[in-house]
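Naming convention: chains lettered A, B, ... in sequence-line order (proteins, then strands); numbering from 1 in each chain. FYI, side chains are in, hydrogens and waters are out, and symmetry mates aren't considered; it's all heavy atoms of this structure.
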Amino acid sequence: MTRKKQPTIYTLPDEFQAFDFAQDLLYWYDAQKRDLPWRINRDPYRVWVSEIMLQQTRVETVKPYYQNFMQKFPTVEALAAAPEEEVLKAWEGLGYYSRVRNLQAAAREVTVSYGGVVPDTPEEISKLKGVGPYTAGAILSIAYEVPVPAVDGNVMRVFSRLLLMDDDIAKPATRIKMEQLVKQTIPIGRAGDFNQAIMELGALVCLPKNPQCLTCPVFDYCLARREGVQDTLPVKGKAKPPRPVQLLTAVVKRGNQYLIQKRPEQGLLAGLWEFPMVEDAGTKDDEEQLLRLLEKEYGLQVDLGDYLMNVQHTFSHLHWNVDVYVMEHISGEPLKENAVFVTSEEMSQYAFPVLHNKIIAEITAKEEKW
DNA sequence: TATGCGTGGAA
DNA sequence: TTTCCAAGCAT
């Protein structure tokens, strides 16, 4: 007879006064909270968009993107009806592009299945693409005042110190534990403000380095501060270093046009546009590799290229080192699907990753010379 | 559970 | 310069 392991139940330390903690934190939050564009009201769609944008992304970075996005796509229906290319363009430069593709897919789902109303139950909202445990909790608590936790990196850092926890916050299991503990501290009727208040404390006071304990509104409750070990928490396992990748890129010029192609709809830089690239085997002549690529994969005859520049870009898991060559088109139409010739003006309609915008900037600067 | 998925700011 | 990291999710 096999039996599933019972989940461990975690409870707050006896000495932790959860009710008083929440009251003092909310008092501080009401007075000190930042004036942010997504705090104008609690419209579920506005909250939703903000939470997706804020994933792994700084508040100051998000602000201008959020304003622009809400102006272009003010409602669930507007986002659902928009061309994907336009939505991707509005996200250009923000990173983690699958977020916005999932967001639009979910907006379409909300439009057809829920009449355009963002669902207000954990079961329904968690089914939406791109909505995980944190985002579900954030939307439900902020927009609908459902008393559920919203545990992000800030919350784990604050609670690690507050409750003197040495759990590794890089491990998924720690988030489960945190959710249980946070849930037990949520004050009735103010779930949304409370969740935001913990995050606000993490962003303004309980910083990753040099926490500002002397100005902390909940100094008295912090068990790590009581022991003087706040600088050693939270415990966080180290990430692997990025893997280096050598790449060759061809900027194929035909008159005043350039060859670009759309990346696959899944994986790295999904759905964005780029110049044709090939991984550098490192053994042969660079230009020779590119000529073969363009002939075989694209059906294009091109003139032997000139070296243009080197571009480097580090992702969280990859380090790209890209050598860029400029080549003149001789003959042939692009065979490859999603490969097109466009002018540099037309290029501005397409969403490129930051890496390629560096190349485009260089080309634009040199276009007068050519 | 571990890994893939962006970008730019701060120290 | 390097490292860390910022309101995570999907697989």
Side-chain angles (χ1 to χ4, degrees), chain A residues 33-34 36-39 46-66 88 91-103 105-106 125-143 149-158 168-176 178-179 182 192-204 206-210 234 236-243 245 263-272 274 312-320 351-358:
Chain A
K33 68 183 175 191
R34 287 169 292 179
L36 301 173
W38 44 91
R39 287 182 176 162
R46 291 179 58 87
V47 173
W48 181 15
V49 171
S50 75
E51 292 301 339
I52 299 299
M53 273 194 185
L54 286 162
Q55 288 171 5
Q56 302 297 104
T57 310
R58 294 170 183 279
V59 165
E60 290 308 313
T61 303
V62 166
K63 278 182 182 174
Y65 281 93
Y66 183 77
L88 223 45
W91 205 269
E92 185 184 63
L94 258 185
Y96 287 133
Y97 298 95
S98 292
R99 287 185 294 174
V100 74
R101 295 159 41 75
N102 286 336
L103 177 61
I125 203 164
S126 297
K127 285 181 190 161
L128 298 175
K129 284 189 180 179
V131 177
Y134 163 75
T135 305
I139 299 172
L140 290 172
S141 64
I142 297 171
V151 175
D152 72 336
N154 281 312
V155 176
M156 291 204 281
R157 181 173 62 257
V158 169
D168 184 350
I169 65 169
K171 293 189 178 304
T174 303
R175 201 205 70 244
I176 306 294
M178 293 281 180
E179 285 174 345
V182 171
D193 282 342
F194 179 73
N195 284 334
Q196 292 188 82
I198 302 172
M199 294 188 275
E200 196 80 344
L201 188 72
L204 300 180
C206 197
L207 307 175
K209 293 171 186 172
N210 304 316
K236 185 173 183 181
K238 296 211 189 305
K240 290 198 313 184
R243 177 171 57 89
V245 179
R263 291 181 61 91
E265 299 296 328
Q266 297 211 341
L268 184 65
L269 303 171
L272 299 191
E274 66 180 7
Q312 298 192 238
H313 192 75
T314 303
F315 303 85
S316 37
H317 58 303
L318 295 176
H319 178 83
W320 276 7
F352 288 85
V354 165
L355 170 84
H356 281 265
N357 277 326
K358 293 176 190 169

For this session: Compare side-chain N and O positions of Lys238(A) against OP1 and OP2 of dC4(C) and report whether any pair is under 4.0 Å apart.
Result: yes

Problem set entry | Distance below 4.0 Å between Arg157(A) side-chain N/O and dA6(C) OP1 or OP2 | yes

Any donor-acceptor N/O pair, [X] side chain to [Y] backbone, under 3.5 Å:
X         : Y         : value
Tyr65(A)  : Glu92(A)  : yes
Arg157(A) : Gly202(A) : yes
Thr57(A)  : Gln55(A)  : yes

For this session: For the residue pair Tyr134(A) and Glu51(A), establish whether any side-chain heavy-atom pair is separated by less than 4.5 Å.
Result: yes

Round to the nearest Å and state the distance from [X] atom [atom1] to [N] atom [atom2].
X         : N       : atom1 : atom2 : result
Gln266(A) : dT11(C) : CD    : P     : 7 Å
Asp152(A) : dA6(C)  : CG    : P     : 10 Å
His319(A) : dC4(C)  : NE2   : P     : 16 Å
Met178(A) : dG8(C)  : CE    : P     : 14 Å

What nucleic acid atoms does [X] come within less than 4.0 Å of, heavy atoms only: base, sugar-phosphate, or nothing?
X         : answer
Arg34(A)  : base
Trp91(A)  : nothing
Arg39(A)  : base
Val131(A) : sugar-phosphate

For this session: Between dT1(B), dA6(C), dA10(C), spot the one nearest the side chain of Pro172(A), thanks.
Result: dT1(B)

Exercise. Distance between the P atoms of dA6(C) and dC5(B), in whole angstroms?
Worked result: 23 Å

Problem set entry | Interatomic distance at P, dT11(C) relative to dG6(B), whole Å | 14 Å

Problem set entry | Salt bridge Glu200(A)-Lys33(A), side-chain N to carboxylate O under 4.0 Å | no

Acceptor/donor pairs from residues 126-133 of chain A side chains to any protein atom, 3.5 angstrom cut, sequence neighbours excluded:
{"unit_1": "Ser126(A)", "atom_1": "OG", "unit_2": "Pro122(A)", "atom_2": "O", "d": "2.7"}

Exercise. Can you pull the salt bridge (charged side-chain N to carboxylate O under 4.0 Å, His left out) pairs that have at least one residue in residues 93-102 of chain A, sequence neighbours excluded?
Worked result: Glu84(A)-Arg101(A), Arg101(A)-Glu265(A)

Exercise. Mapping Ser50(A) and Asn102(A) to their closest nucleotides on DNA chain C, which lands nearer the 5' end?
Worked result: Ser50(A)

For this session: Can you check each nucleotide of nucleotides 6-11 of chain B against protein heavy atoms at under 4.0 Å and return B for base, S for sugar-phosphate only, - for none, in 5' to 3' order?
Result: BBBB--

